[in-house]
Amino acid sequence: MPRMTGDAPAELLRLRSSIDNIDAALVHLLAERFKATQQVGELKARSGMPPADPAREERQIARLRALAHDAGLDPHFAEKFLNFIIAEVIRHHEAIAGVDPRA
Ligand SMILES: O=C(O)C(=O)C[C@]1(C(=O)O)C=C[C@@H](O)C=C1
């Protein structure tokens with residue numbers, strides 16, 4: 001195991017504190033996003049619209065990949081992350097619309 005030298009523990013604590021703040025922000029941002037998508041799911045169910053909109057997803061992925069590239073984040077990771085979130089949103093939309101996932 002590598003030895004902790006000098007002020008490494010303090011540096012590690014400082015970095016972890018920053019990571020904890022970022023993780024908290026991510027949770028709050030995701031909660032707000034899911035509040036918005038909940039309303040989209042209700043609107044879609046009321047209007048008889050399908051839960052998924054692949055054309056909209058394509059535009060979101062292209063946009064996020066470009067943003068990720070410019071921000072120095074791996075675009076492939078950004079795409080996987082968005083797809084992961086959207087899959088959960090679609091599951092919620094289907095539940096609101098009363099779609100049987102086994103059907
Ligand atoms: O914008 C919509 O139509 C949504 O239902 C939201 C959302 C998303 O989470 O961004 C989810 C499912 C759709 O396939 C596309 C986008």
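Whatever order the structure lists them in is the order used to number ligands and atoms, beginning at 1. Remember, it's a predicted structure, so these values are computed and weren't measured experimentally. Counting from 1, the numbers follow the sequence of the chain as shown.
Taking a cut-off of under 4.0 Å to the non-hydrogen atoms of R33, the atoms of ligand 1 that pass are 8 (C), 9 (O), 10 (O). Heavy-atom proximity to D53, at under 4.0 Å, picks out these atoms of ligand 1: 13 (C), 14 (O). Set against the non-hydrogen atoms of E57, the atoms of ligand 1 under 4.0 Å away are 13 (C), 14 (O), 15 (C). The I90 neighbourhood of ligand 1 comprises atoms 12 (C), 14 (O), with distances under 4.0 Å to a heavy atom of that residue. Annotation for ligand 1: atoms under 4.0 Å from non-hydrogen atoms of Q60 are 8 (C), 10 (O), 15 (C), 16 (C). The ligand atoms of ligand 1 that sit less than 4.0 angstrom from a heavy atom of V89 are 9 (O), 11 (C). Less than 4.0 angstrom separates some heavy atom of H93 from each of these atoms of ligand 1: 4 (C), 5 (O).
Using modelled atom types, one finds a donor on one side chain and an acceptor on the other under 3.5 Å when comparing E88 with H92.
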Practice task
Using the side chain to side chain contact (heavy atoms under 4.5 Å, CB included) rule, take R65 and L82 through it: C-alpha gap first, then chi angles, then the decisive distance, then the call.
Solution key: CA-CA 10 Å; R65 284 187 65 99; L82 184 65; over 6 Å; no
Exercise for the section: Could you check R91 against E94 for salt bridge (Lys or Arg N to Asp or Glu O under 4.0 Å), going step by step and ending with a plain yes or no? Expected result: CA-CA 5 Å; R91 229 173 44 76; E94 287 171 347; over 6 Å; no
Practice task
In sequence, state the C-alpha distance, the side-chain angles, and the governing distance for H93 and V99, and then conclude on side chain to side chain contact (heavy atoms under 4.5 Å, CB included).
Solution key: CA-CA 9 Å; H93 285 0; V99 174; over 6 Å; no
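Of all protein heavy atoms, the one lying nearest to atom 4 (C) of ligand 1 is K44 NZ, 3.6 Å. The protein non-hydrogen atom at the shortest distance from atom 1 (O) of ligand 1 is R56 NE, 3.7 Å.
Nearest heavy atom pair, residue I96 against residue G41, reads CG2-O, 3.9 Å. Taking each heavy atom of P50 and K44 in turn, the nearest pair found is O-CD, 3.5 Å.
The distance from the CG atom of N83 to the CD1 atom of I90 is 9.0 Å, given to the nearest 0.5 Å.
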